[in-house]
Amino acid sequence: MRKGSITAALAAGIFGLSLVLGAGTAASETQKPKYGGSLEIGTVYVTLSALSFDPADWNWKLNHDTGNYLEQLFAADLTKSVKNGGSHRFYADGYLPSDAIRGELLESWEWKDNPLRVEMKVRKGVMFPEKPGVMKSRELVAEDIAYSFERLRNSPKRQGNYFHFVDKVEVKDTRTIVFYYNQYHAEWDYRFGWGYYSPIYAKEMVDAGASNWKNAVGTGPFQLSDFVQGNSNTYTKNPIYWGTEKIGGEDYKLPFVDKVVYRTIKDEATFITALRTAKLDILETIRWQNVDQLKKSAPQLQWSKWLNMSGTFMALRMDQDGPLKDLRVRRALNMAVNKQEIVSAYYNGNAELFAYPQHPDYTGYFEPLEAMPDSVKELFRYDPAKAKKLLAEAGYPNGFTLKTQVTTANPDHMDLLPLVAAYLEAVGVKLEIQPMEYAAFLSAMTTRTHAPAYFMNSGHVNPTRTIHKSFITGELWNPAGYSDPAYDKKMDEVFRTRDEAKRQAMLKELTREILDRAPYVWLPTPYIFTAWWPWVKNYNGELRAGAVRPGPIYARIWVDQELKKKMGY
Amino acid sequence: MAAIAQPVRRSRPVSPTVHFIGRLFREKPLGAIGGLVFLAFLLCGIFADFLAPHGMNQISPINRLKPPSWTFPFGTDNLGRDMLSRCIYGAQLSVIIGFCAAGLATLISVLLGILTGYLGGKFDLVTQRFVDAWQSFPDLIVLIVVVSVVGPGMLQIIFTLGLLLGIAGSRIIRSAVLSVRENMYVHAAQSIGASTPRILWHHILPNVLPPIIVLFTTRVGFVILIESALSFLGLGVPPPAPTWGGMLSGSGRAFMFHGPWLAMAPGLCLTIVVYATNMFGDALRDLFDPRMRGSR
Amino acid sequence: MQAYIVRRLLALIPTLFFASLIVFATVRLIPGSVIDLMLSQNDISADKFSRDQLIAALGLDKPMWEQYVHWISGILLHGDFGRSLWQSTPVSELLRARLPVTFQLGLMALIVALIVAIPIGAYSAMRQDTAGDYLGRSFSILMLAVPSFWMGTMVMVFPSIWWGWSPDVKFVPFHQDPLRNLGQMILPAIILGTSLSAVTMRLTRTMMLEVLRQDYIRTAWAKGLSERLIVSRHALRNALIPVVTLVGLQAPLLLGGSVIMEQIFVIPGMGLLLLDAVSQRDYPVITGVFLIVGVAVMVINLLVDLSYGLLDPKVRYR
């Protein structure tokens, strides 16, 4: 496994170097922040407009659009970011390291036993601003938290038994709220705390109509002032925001900028061009193909690089009769694909061989390929001869035909799949590719009518989700149909374990097991780039401070308007 | 003027087709060149397997993004596939999609146009309202919805485009039929009791042939363009099928700076063929139409 | 004349009925239901109860014909096109915001098409088969042959590299800042318009050629009138009449062709609305857009036909 370790060493070296360089630039950046200006941002979801503004809609993208004005119980502790001397990058879309969580609307919280509960103290002085026609300005109280939770739990659009571990919620007084649990659940703070669906809002907003963006109001650093669907979201500064940030030893009231605008741009050439001509101050998602040109035509841009928060793979249906039921066949398919060449030739080096199911950013949960047992390492070694041997052993010396579905909505997949098909054809496995439009593609999976091979991406989210969503019996995002009651039980045990170190050990084992069982053809994960103009200060490419929630990050950015004018923009 | 008659030089009559082609080259040289390109395009499509030096989908990552050279006259794309071969196979796909869709459209137009034009009456009235309804919807918008219904694929696009264009084109055929219907020989045929199908086949159709031919030729170019527009929106014939539109809007745009040949090769092919088809169609229309015989 | 208008309006009714049926049926036939999309966007498995609840909440549990009647009666009686399944925004609000934008783009494109096509067409007719004729016609057809998305990409990308300039990505409505709005729309309008000019040019040329052969033109020549006078006073005016009809023919092309321009130049029009709605299976929005576009085209066609009657003294509607 020499080649792989060199790649890994190089990657680690580059990573370390970028850390040092990043720290270097950070050290030189202790200017005094100034107020004013605006931010035009092409976010990570630059092609997607807001799907919903109502938290009761159970929409995954909610926090991205509401997280500037709606706050949550917890948020990322951005003082622990790399640019502030810490070790966290805050790229992950649904994960916060346990040592980088701070109370946002909560001042403090405490676990107590008998009965199992968390007692939470609400922060003082958090104010809802006045919103004509919706509500008068008032302080946030514990009742608002209980209201938001109950409305979510009882929503007609709710999904699954998400809060099965919550017994009841009690408001003790205006600043104290207690969540009673019938069992410990490791995702307690993820599910309602800093997660996808847990912003806290006022009943007045619901009474006026929560799905209408014009009624949007919250305690956050910005307020939603305009929304043009498919085009832009505009957020303006909340003058009575409670938050402050310490920079260079001094306390500053947040936010710094007057306006934040999300630009929704469907076409890649257009948003790359917009960055190049500074019509965008920040562009959070840039594919490797565009990096060289951008660096040449806009050399002043600052860069960061992050590993995609989504694993790429070809799921192999194990729940149907056929060649894929045999473990040897699935392992053979993995060995038949030249994954190293995919990294070097297809992604031009801008990818990692091994980054799924656990993401390298999940410190403590992620084990690199070198630490894996040989049976796992083997799956990432290009060995078509061994693949053919295994196929012959399993009874398919001449290979077989495999019907494969892929979605046309992902241009990368449309190019990558033929490459994978070429590798597989060399060992006799012929892929019959059926491209499908996205909604039809997804429907096939939800109705369990999808093809034996299903080429897709699946978000990591966080260390527990990444295993649970894809490898537990009956889960929606389990296209391989993996079902092992013993595995399910082990996963359930993880949720009940309070000690994080123990959970990490258990998840490492579960990860090794699933890798070995090869329900998927594991494929490399590409790097994605973020770039911003030098007048964007106090920012180092951080992406999320909660589940898909960039709000707190944007609140801490300040714009050096003089520098911008000096540079001619 | 000499009173002596000159001997006739030609020994046998010239067929009308040859005469027509002669006129084409003499009077409309640009259109003639268009016609030649059109023919070359058709031949390329038919004999793609023989003409292409490499395979349609011969992936070879080592050779990726190579500029044009002797081995790869049009360069290679990001997966190392030969662009020349892919463009030739692209011609094949365009020929198939273009000719089939245009053919289907023309067939529908002719059937609908002749029937409604000749028969008239209630049938005509109702059909025209239906045609009105169809025509009110922009092609691309209908296609977007339909491709989502039936899924992406060559057959679906051929069928949908054929149907859409066919219904819309029936109007043109219908008006041609209306003008022919009142002709003397049609009345004569009717008075001796010739059956309707016979009249349609022997009298109406041959006289409506010119607009049919023009309609067909221009439709081919139009179909190729629409397929490229669909590819841009992600609804065209899906990769790895090497349609010109797909190559141009996909890897052509993504690798614009890494390799301009990825866009130029299919782009030029597309533009030249559509241009040629249009010039050829225009020339045909001019030659067929007595009104176009110049003003001086 | 009045009787004609009434007859045409009456004829619209069955057409509209057919159109609404076509629209409703096609949209409902789309596989991959919105329920699956909504439920699968999160990583939690939905049980059957949640699924049924969601279907009921969206009003999709009623039989198809009942949904159609509900939809049609809503439009006819209240002007209510329903609400978006994802956002609960009233569809009529979305349409009201988007239709003027697409309409404006289409109108500007049409004006560009006419500005380009009529001079070329007229010149082509007068100097038939000369080099000028070929040049003009070639230009027009070339604009047609280059795919609009490619032209758009070129216009977007290369100026930014050569001169550091790019078109605005911030859409400003016309009533807020007319100049800025026009500046943003002019580029896509030019691209769209020049590619449309080919068809217009062809028709102008044909009509001009026919008119130029007319007797009264010969008389004008014989009288010794200047070419310019003949063209502007006699030929052009008569030749333009069918060109007006062309406006009606172009209407669907304009409304449809703008999808690509809207995507590249970040213009929030009907095309993008439809594209998003289709990928999200937002049925009320899709049917709303479809129907409005269809009705808009029908209305434009009616107006064109009526103006045709007004322009051409020979045409009188009985």
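Chain identifiers are assigned alphabetically (A, B, ...) following the order of the sequence lines, protein sequences preceding nucleic acid strands; residue numbering begins at 1 within each chain.
Looking at A/P435, the atoms closer than 4.5 Å to chain B (heavy atoms on both sides) sit in the backbone and in the side chain alike. Interface remark: A/F441 contributes no atoms to any contact with chain B (heavy atom separation under 4.5 Å). Interface residue A/M436: only backbone heavy atoms are found under 4.5 Å from chain B.
Here CD1 of A/I272 is found 9.5 Å from CZ of B/F257. Values are rounded to the nearest 0.5 Å. Within the model, atoms CD of A/Q293 and NE2 of B/H258 stand 8.5 Å from one another, a figure rounded to the nearest 0.5 Å. Rounding to the nearest 0.5 Å gives a distance of 8.0 Å between CE of B/M256 and CG of A/N290.
Listed here is the closest heavy atom pair of B/P61 and A/L419: CG-CD1, 3.8 Å. Annotation for A/T408 and B/P152: closest pair CG2-CG, 4.0 Å, computed over non-hydrogen atoms. Considering all non-hydrogen atoms of both residues, B/A254 and A/R287 come closest at CB-NH2, 3.7 Å. The nearest pair of heavy atoms linking A/M414 to B/P238 is CE-CB, 3.8 Å.
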- [ ] Run the numbers on B/I59 and A/E425 for side chain to side chain contact (heavy atoms under 4.5 Å, CB included), then give the verdict.
- [x] CA-CA 11 Å; B/I59 296 179; A/E425 191 155 347; over 6 Å; no
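Remark: B/F99 CZ is packed, more than 12 non-hydrogen atoms of other residues, nucleotides or ligands lying under 6.0 Å away.
Side-chain atoms of B/R253 never come within 3.5 Å of backbone atoms of A/A269 as a donor-acceptor pair (strictly under, hydrogens ignored).
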